[in-house]
Amino acid sequence: MKKKQPNKLKILNDPIYGFIQIPNSLIFDIIEHPYFQRLRRITQMGFSNLVYPGANHTRFHHAIGCMHLMQKAIQVLRFKQVSISKEEENALYVAILLHDIGHGAFSHALEHSIVNGISHEEISLKFMKKLNNEFKGKLTLAIEIFEGKNPRKFLCQLISSQLDIDRLDYLKRDSFYTGVTEGNISSDRLIAMMNVKNDNLVIEKKGIYSVEKFLIARRLMYWQVYLHKTGLVAENILVNVLKRAKELTEKGADLFASSSLKYFLQNPITANNFTEETLGMFSKLDDFDILSAIKEWVYNKDKVLSLLAKMIVDRNLLRIEIQKNNFDSDYILKKQEKAIKKLEILKEDVHYFVFSQQISNQAYNLETSILILNKKGKLKDIAKASDQLNLQALTIPVVKHFICYPK
């Protein structure tokens, strides 16, 4: 009896966009691949759910949403007589689906602790090249667009720019799941206003107010959600937990960990030694590995690891202060001395509990402009085309300093 072929033209139901159609069998097979399915186990917003309880959506949700918006964008551009071939269309779907595939557990925390000197974008590219081998070269054009090497500039801008499909989805999605309405942009309106001029992705003048709202929404979401003080503390504690675990492992301690997490604790991983074996182990590492280890580390005999792990599990975090200027070194020293006495820890370990860093937010970068197309066919930077004076202010990076210490 002949084996029945699976139906690959599936429809997914998304809480934001409704029904999302998988356009063809290649996209279906990529979504079904274990590398992509791992994204179901990587939260989109790390520990933001400690602040916004609904923020439990995953990188999988986001990638599927991006693919849907890309379908809309291609439809709009073709309607406006922009030539996009079937191969380019498929490549855009693949590139936007896989743009975040290199994210580690809890998104950015791994980049600053147990994997060093290699960004999630670089890991995404490694995954894409590996998948390209498996799919017999069908991802070559997608990789070219992802790397920004395609001669058709607007194709690369759809994947990565200041008004790309990635941002159009994550702002709307993160706003929905956190309940922070300030981020609820009109992605449909922005896509409907897209056009191409001089090979640049541009927005028609009718969409200028939607772009203004998008930029302001992005700024508000950064301060209110992505750089929220509680989220900042939690992510930094997670980074310190993993750093401490790695330090102890290097000294010979045998910590409870899954095989994939153990691999990264035992081996110093950098861009230079990120081999195919490393990629394979990375593809098995997700939020579940980290959380199960942290829950067990609460009972570890190492006091520093135990205290840090308990802070995350019980949501009893460090205190945080944020200000415009650097914190005085004497002030930091006092906090360190108090922490040593209160926690009864060694002086060389106090940096795990008392630390000062800076954060910055630039809502709009003039170097990679969002261009507005007027009725005469002329292009103007949004910061100059807008009558909103505050858009000029959004071009200036805002830097803040914070210090964390025990309560």
Side-chain angles (χ1 to χ4, degrees), residues 14 16-18 20-21 23 62 65-85 88-89 91-93 95-96 99 145 148 150 152-176 181-222 362-392 394-395:
D14 183 75
I16 295 168
Y17 308 123
I20 293 176
Q21 199 161 14
H62 168 55
C66 285
M67 181 195 70
H68 173 71
L69 292 185
M70 187 64 83
Q71 287 174 302
K72 289 193 162 193
I74 290 167
Q75 195 178 1
V76 164
L77 293 175
R78 278 180 174 161
F79 180 75
K80 293 176 182 177
Q81 309 303 310
V82 178
S83 167
I84 299 171
S85 70
E88 287 168 336
E89 176 187 354
L92 285 169
Y93 295 154
I96 202 66
H99 77 282
I145 292 169
N150 191 276
R152 304 192 78 191
K153 196 176 173 185
F154 78 92
L155 296 177
C156 306
Q157 289 170 336
L158 282 166
I159 303 297
S160 180
S161 64
Q162 286 203 88
L163 193 56
D164 56 29
I165 298 299
D166 174 35
R167 294 183 187 195
L168 292 184
D169 180 80
Y170 79 63
L171 281 176
K172 194 171 182 69
R173 189 167 298 278
D174 295 350
S175 164
F176 176 86
T181 55
E182 286 83 354
N184 188 15
I185 57 162
S186 176
S187 50
D188 278 354
R189 170 76 176 163
L190 284 161
I191 288 170
M193 292 297 108
M194 282 181 176
N195 209 329
V196 173
K197 176 81 176 176
N198 302 337
D199 208 35
N200 276 298
L201 188 68
V202 300
I203 300 291
E204 292 164 0
K205 197 176 180 183
K206 288 180 287 184
I208 193 167
Y209 299 117
S210 298
V211 179
E212 286 174 0
K213 183 177 186 295
F214 162 80
L215 290 172
I216 292 163
R218 190 165 177 268
R219 176 182 177 273
L220 293 173
M221 283 292 283
Y222 264 84
Q362 185 179 11
Y364 181 58
N365 187 345
L366 287 167
E367 288 176 21
T368 52
S369 303
I370 296 174
L371 297 172
I372 302 297
L373 178 69
N374 68 20
K375 286 179 181 177
K376 293 178 181 177
K378 297 264 178 77
L379 296 174
K380 215 173 193 181
D381 190 295
I382 180 69
K384 292 175 182 173
S386 170
D387 53 12
Q388 288 266 12
L389 291 173
N390 60 2
L391 278 201
Q392 287 286 352
L394 295 184
T395 63

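Since the model is a prediction, treat every value here as computed from it, not as a measurement. The figures here come from the full heavy-atom set of this structure, side chains too, leaving out hydrogens, waters and symmetry mates. Position 1 is the first residue of the sequence; numbering continues from there.
The two atoms that bring S210 and R189 nearest to each other are OG-CG, 3.0 Å, heavy atoms only. The minimum heavy-atom distance linking Y364 with S369 is given by the pair OH-CA, 3.3 Å. Shortest non-hydrogen contact noted between V202 and V196 is CG2-N, 4.1 Å. Contact detail for L201 and F154: the closest heavy-atom pair is N-CB, 3.8 Å. The two residues M221 and S175 have their closest heavy-atom pair at CE-N, 3.6 Å. The two residues I159 and D164 come nearest to each other via the heavy atoms O-OD2, 3.4 Å.
Looking at Q362, its side chain does come within 3.5 Å of a backbone N or O of T395 through a donor-acceptor pair.
If you take CD1 on I165 and CG on L158, they are separated by 5.5 Å, rounding to the nearest 0.5 Å. Atoms CG and NZ, from N200 and K197 in turn, are 11.0 Å apart once rounded to the nearest 0.5 Å. In this structure, CG in L92 is found 6.5 Å from CD1 in I84, a value given to the nearest 0.5 Å. A distance of 6.5 Å separates CG of D199 from CZ of R152, quoted to the nearest 0.5 Å. Going from atom OH of Y170 over to atom CD1 of I185 covers 9.5 Å, rounded to the nearest 0.5 Å. Here the CG-CD1 distance, from L69 to I96, works out to 8.5 Å after rounding to the nearest 0.5 Å.
Side-chain contact check for I208 versus I203: every heavy-atom pair is 4.5 Å or farther apart. Looking at L190 and K213, their side chains never come closer than 4.5 Å, going by heavy atoms from C-beta outward.
Atom NZ of K375 has 12 or fewer neighbouring heavy atoms from other residues, nucleotides or ligands inside a 6.0 Å radius. Taking a 6.0 Å sphere around NZ of K205, one finds it holds 12 or fewer heavy atoms contributed by other residues, nucleotides or ligands.
Looking only at atom types and distance, the side chain of H62 has a donor-acceptor partner in the side chain of D166 under 3.5 Å away. Between the side chains of N365 and Q162, no donor-acceptor pair of N or O atoms lies under 3.5 Å.
A salt bridge does not link K172 to D188: none of the charged side-chain nitrogens sits closer than 4.0 Å to a carboxylate oxygen.
Exactly one of H68, M70, Q71 qualifies for a side chain to side chain contact (heavy atoms under 4.5 Å, CB included) with P23. That residue is Q71.
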Walk me through it: do N198 and L371 pass the test side-chain contact (heavy atoms from CB on, under 4.5 Å)?
CA-CA 11 Å; N198 302 337; L371 297 172; over 6 Å; no
